[in-house]
Trainee: 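Pasting a structure below so you can have a look.
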Amino acid sequence: MRIDVITIFPHYLAPLRESLLGRARDKGLLEVAVHDLRDWTHDRHRTVDDTPYGGGAGMVMRPEPWGEALDTVVPAGEKARLIVPTPAGEVFTQAMAHELAAEQRLVFACGRYEGIDARVVEEAATRMPVTEISLGDYVLNGGEVAVLVIVEAVGRLLPGVVGNPESLVEESHADGLLEYPVYTKPASWRDRDVPPILLSGDHGRIARWRRDQALARTAARRPDLLAALAPEALSTADRTV
Ligand SMILES: NCc1ccc(-c2ccccc2)nc1
């Protein structure tokens, strides 16, 4: 997969060079290029914003630099999905992470100020699929932090990125539930013991206990996830929890 990020704060994306994603890049599983939007400005001050039509506070990102940047990063005829982090987007989910992990090319447009002139997305959508993504109902100062989250969630799903793919199966949201509590040595710590079942060696009963814990946690903390589960996702044993 190739990922391009267009931003006025390229250094914000430095963490993409670190650890898991850094290794994935070294192994050639992931290509990441970060571009400074100001490289597509032509005035002395490298201006990327201007006042909003219709008035109001703040500034809006000008369409021209974005148009030229997207023309360069995704030349005519090349295929890519444009992702625009915005509070007005579709809420990001693990299912969306899996969908994006199947793409060959992702281009991230990082907005700042009050956002990007709406015509940029409109025009881009005439030649590539565009997805506006929100991470939840809060506002950041720009899209860069959201890009770090999305790229991590997507990158770790790429084959070969995570050492043991097994670990992708049982994590929160992988099966639609929150994950069960985990423990490691010592068996007793500050007078708190690991649940004895986990030391029993009875893998069938351990699996059942973990499933019950995941169901109970999900019911308590995220009843919306439980309600969204397909009926066949719950076994008869699950229904007794
Ligand atoms: N829901 C996360 C999120 C994503 C992007 C932005 C944002 C804020 C200002 C300008 C451009 C994007 N804020 C929140």
Side-chain angles (χ1 to χ4, degrees), residues 1 3-16 18 21 32-41 45-74 80-101 103 105-125 128-157 171-173 178 221-222 224-225 228:
M1 176 187 282
I3 290 177
D4 289 275
V5 185
I6 304 168
T7 170
I8 59 171
F9 292 120
H11 299 302
Y12 237 104
L13 284 300
L16 292 183
E18 300 303 318
L21 291 178
V32 179
V34 180
H35 311 271
D36 185 341
L37 179 67
R38 294 188 197 275
D39 290 350
W40 287 279
T41 59
H45 298 292
R46 310 186 82 201
T47 310
V48 292
D49 63 319
D50 204 333
T51 53
Y53 275 119
M59 301 291 272
V60 173
M61 297 191 99
R62 297 172 48 232
E64 298 96 327
W66 279 107
E68 291 182 31
L70 290 170
D71 288 349
T72 308
V73 172
V74 188
R81 174 175 290 277
L82 177 64
I83 310 282
V84 186
T86 165
E90 259 177 275
V91 177
F92 190 52
T93 62
Q94 191 65 10
M96 282 172 79
H98 279 283
E99 284 165 26
L100 296 182
E103 297 278 355
R105 279 199 67 187
L106 297 176
V107 178
F108 289 88
C110 298
R112 277 272 151 175
Y113 308 105
E114 301 311 309
I116 303 170
D117 184 300
R119 290 168 291 180
V120 172
V121 162
E122 268 172 42
E123 193 269 347
M128 68 185 92
V130 179
T131 308
E132 296 188 57
I133 292 183
S134 165
L135 296 188
D137 297 336
Y138 51 88
V139 183
L140 301 167
N141 289 326
E144 286 80 6
V145 167
V147 170
L148 290 175
V149 168
I150 297 165
V151 170
E152 174 155 325
V154 172
R156 65 194 296 277
L157 296 178
E171 58 193 9
S172 277
H173 303 291
L178 300 183
R221 301 178 186 179
R222 291 292 306 275
D224 58 303
L225 292 180

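Side-chain atoms are counted along with the backbone in the values below, which use heavy atoms only and exclude waters and symmetry mates. Atoms within a ligand are numbered from 1 in the order they appear, just like the ligands themselves.
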Trainee: Could you tell me whether a side-chain N or O of R38 sits under 3.5 Å from a main-chain N or O of R46, the two making a donor and an acceptor?
Mentor: yes

Trainee: Hey, is CG on N141 packed in by over 12 heavy atoms from elsewhere, all under 6.0 Å?
Mentor: no

Trainee: Can W66 and I116 be said to form a side chain to side chain contact (heavy atoms under 4.5 Å, CB included), step by step?
Mentor: CA-CA 9 Å; W66 279 107; I116 303 170; 3.7 Å; yes

Trainee: Would you say the side-chain atoms of R62 pair up with the backbone N or O of T47, donor to acceptor, closer than 3.5 Å?
Mentor: yes

Trainee: Is the number of heavy atoms from other residues, nucleotides or ligands under 6.0 Å of Y12 OH greater than 12?
Mentor: no

Trainee: Does R105 pair with D4 as a salt bridge, N-O distance under 4.0 Å?
Mentor: yes

Trainee: I'd like the contact residues of ligand 1, where contact means a heavy atom below 4.0 Å.
Mentor: P85, T86, P87, G111, R112, Y113, S134, L135, G136, Y138, V139, L140, N141, G142, G143

